[in-house]
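Residue numbers run from 1 in the order of the sequence given. Order of listing sets the numbers, starting from 1, for every ligand and every atom in it.
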Amino acid sequence: MQYITHYTKKRYITYFIITLIIFILPFIKINNNHFFLLDFINEKLNLFFISFDTQELYLMPFILMFLFIGIFFITTLAGRIWCAWSCPQTLFRVIYRDLIQTKLLKIRKNINNKQKEYPKNFIKKIFGILIFYMISLIAVSNFLWYFVPPEIFFNYLKNPQEHLLLVGILFFVSLFLTFDITWWAEKFCIYVCPYARIQSVMFDHNTMQVIYDEKRGGIIYKDKIKLYKKPPQGDCIGCEACVDICPTHIDIRKGMQLECINCLECADACSKIQNKFNRLSLIEWTSIEAMKTKSKVKFLRFKTIGYLIVLLIILVLLIITGSKKEKMLLNINRNSELYSIDNKNGKLEITNAYTFLFQNTDNQAHKYYFTLEEENGSLNTDIEIIRPKKAFKLEAGEKIKKIVVLKAKKNLNSHTQKDIIVPITIKAYAVDNDKIFVHRKSIFIYPKNQ
Ligand code: SF4
Ligand code: SF4
């Protein structure tokens, strides 16, 4: 038994762990924030249990860069490890083909033969599709929880007629998923998935792949043409167990092919055969270089170290940028009327009006107000706040627009015959927490000498 490999079993355990994490994660909240939530309705992003407003989406480029370079790194290192070990397409195919069709409904008779077509049992096939559609509904709901949190999602489902968009997406995407898994099957991996097309560009001689050991097994194919079922010399006995079990219907003994999803079921199948002769599987998960030199796969090399360094830099930038998150936001817009002049009892009053958009991006309610400061941080005594006069309360995540009117306390323009622009600094702050504040620059326009 010592030569038998258990990649398939390990893949199933990996699927189980990933599924559990993906399923449970939307229900976990810290400080009322999710691990990941892109909430289009409330225009907010939760990442690593921190809430960001959509105006703070400066984190997105870092996340996308991390994701793409991460994929390049993993592919260079371990080939299509994503395809067989984490991709939902492969996982759902295992559920549909191996669990529902083979184990449950016995439409397929042998889990080790994914090539053989069995007489069609129409009723059982429809039943199998229906079972999968139910699973699709759960899977798509799980996916949607990363956009509509579960607590709101289930509330919406209580009144489906009021939330037709969500219900429509749920049913349509589930239908599409069912069609994909039950009809497209591995054709999706071969013809549709863009990752399959680009991944081979990232491969090098040290990338882990599923490789048939021609030296030990013997040559079966030359220039992609099959010479023998069983080579005249070599350990391959031509049983074709590796071909029968392949979900993408290829013969790995032909060499690396675009269709191979790295599931390693062929390696497990061959290991069972070769074990009877006390030999190791002729199909290995290794690199071309490692197989040639009979050594271990070289993971640390110039390319992978380079990717690692870039990933590390992005991660550090992401953490630094994320930790500088402001707990309040303030946008200032000047009104179309630049200034107004009132003559009160022979005294000129110059006012400027603005629209301030405040947002509480903290997890708890706060009272907010603002002051005008000089460049050096001291209080601006030339301009006073006419409106609003009092601090106002904002609940966690709440936004409010405030019309702000500022008035010049004295003549700021006694010398020139043109309007002067006075730069001003606004410090907006939470009255109840001195750590929450932002500074914004704006201008106050004082008209030409009146
Ligand atoms: S060749 Fe092997 S590893 Fe590749 S898809 Fe087929 S069974 Fe999976
Ligand atoms: S399972 Fe192994 S021994 Fe059988 S045909 Fe494939 S490579 Fe040869």
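Using a 30° and 60° split on the angle between ring planes, Phe92 and Phe132 fall in the perpendicular class, above 60°. The aromatic rings of Phe27 and Phe154 lie parallel to each other, their planes meeting at an angle below 30°, with 60° marking the opposite boundary. Note on ring orientation: taking the six-membered ring where Trp is involved, the planes of Phe36 and Tyr146 are tilted (angle from 30° to 60°). Taking the six-membered ring where tryptophan is involved, the planes of His439 and Phe437 are perpendicular, since the angle between them exceeds 60° and thus also 30°.
The proximity of Leu264 to ligand 1, defined as any non-hydrogen pair under 4.0 Å, is limited to the backbone.
The closest approach between Thr248 and ligand 1 falls below 4.0 Å for a heavy atom of the residue. Heavy atoms of Gln274 come nearer than 4.0 angstrom to ligand 2 in at least one pair.
Close contacts between ligand 1 and Pro247 involve ligand atoms 7 (S) [criterion: under 4.0 Å to a heavy atom]. In summary, the atoms of ligand 1 found under 4.0 Å from a heavy atom of Ile261, numbered by their order in the structure, are 4 (Fe), 5 (S).
The salt bridge (charged side-chain N to carboxylate O under 4.0 Å, His left out) test with Asp98 is passed by exactly one of Arg93, Lys114, Arg11: Lys114.
When side chains are defined from C-beta on, Tyr212 does not count as touching Cys270, because their heavy atoms never get closer than 4.5 Å.
A side-chain donor from one of Asp432 and His366 sits under 3.5 Å from a side-chain acceptor of the other. Side-chain atoms of Tyr15 and Ser86 form no donor-acceptor pair, as typed in the model, at a separation below 3.5 Å.
Annotation: cation-pi geometry satisfied between Lys402 and Phe392 (NZ/CZ under 6.0 angstrom from ring centroid, within 45° of ring axis).
Taking all heavy atoms of Cys83, Ala267, Cys263 into account, the minimum distance to atom 7 (S) of ligand 1 is reached by Cys263.
From the protein, the heavy atom lying nearest to atom 4 (Fe) of ligand 1 is Cys260 SG, 2.4 Å. From the protein, the heavy atom lying nearest to atom 6 (Fe) of ligand 1 is Cys246 SG, 2.3 Å.
Counting only residues at least two apart or on different chains, the ring pair (Phe, Tyr, Trp, His ring centres under 6.0 Å) pairs with a member in residues 265-306 are Tyr7-Trp285, Trp85-Trp285.
Around atom 6 (Fe) of ligand 2, the protein N, O or S atoms closer than 2.8 Å are Cys242 SG, listed by chain and residue number.
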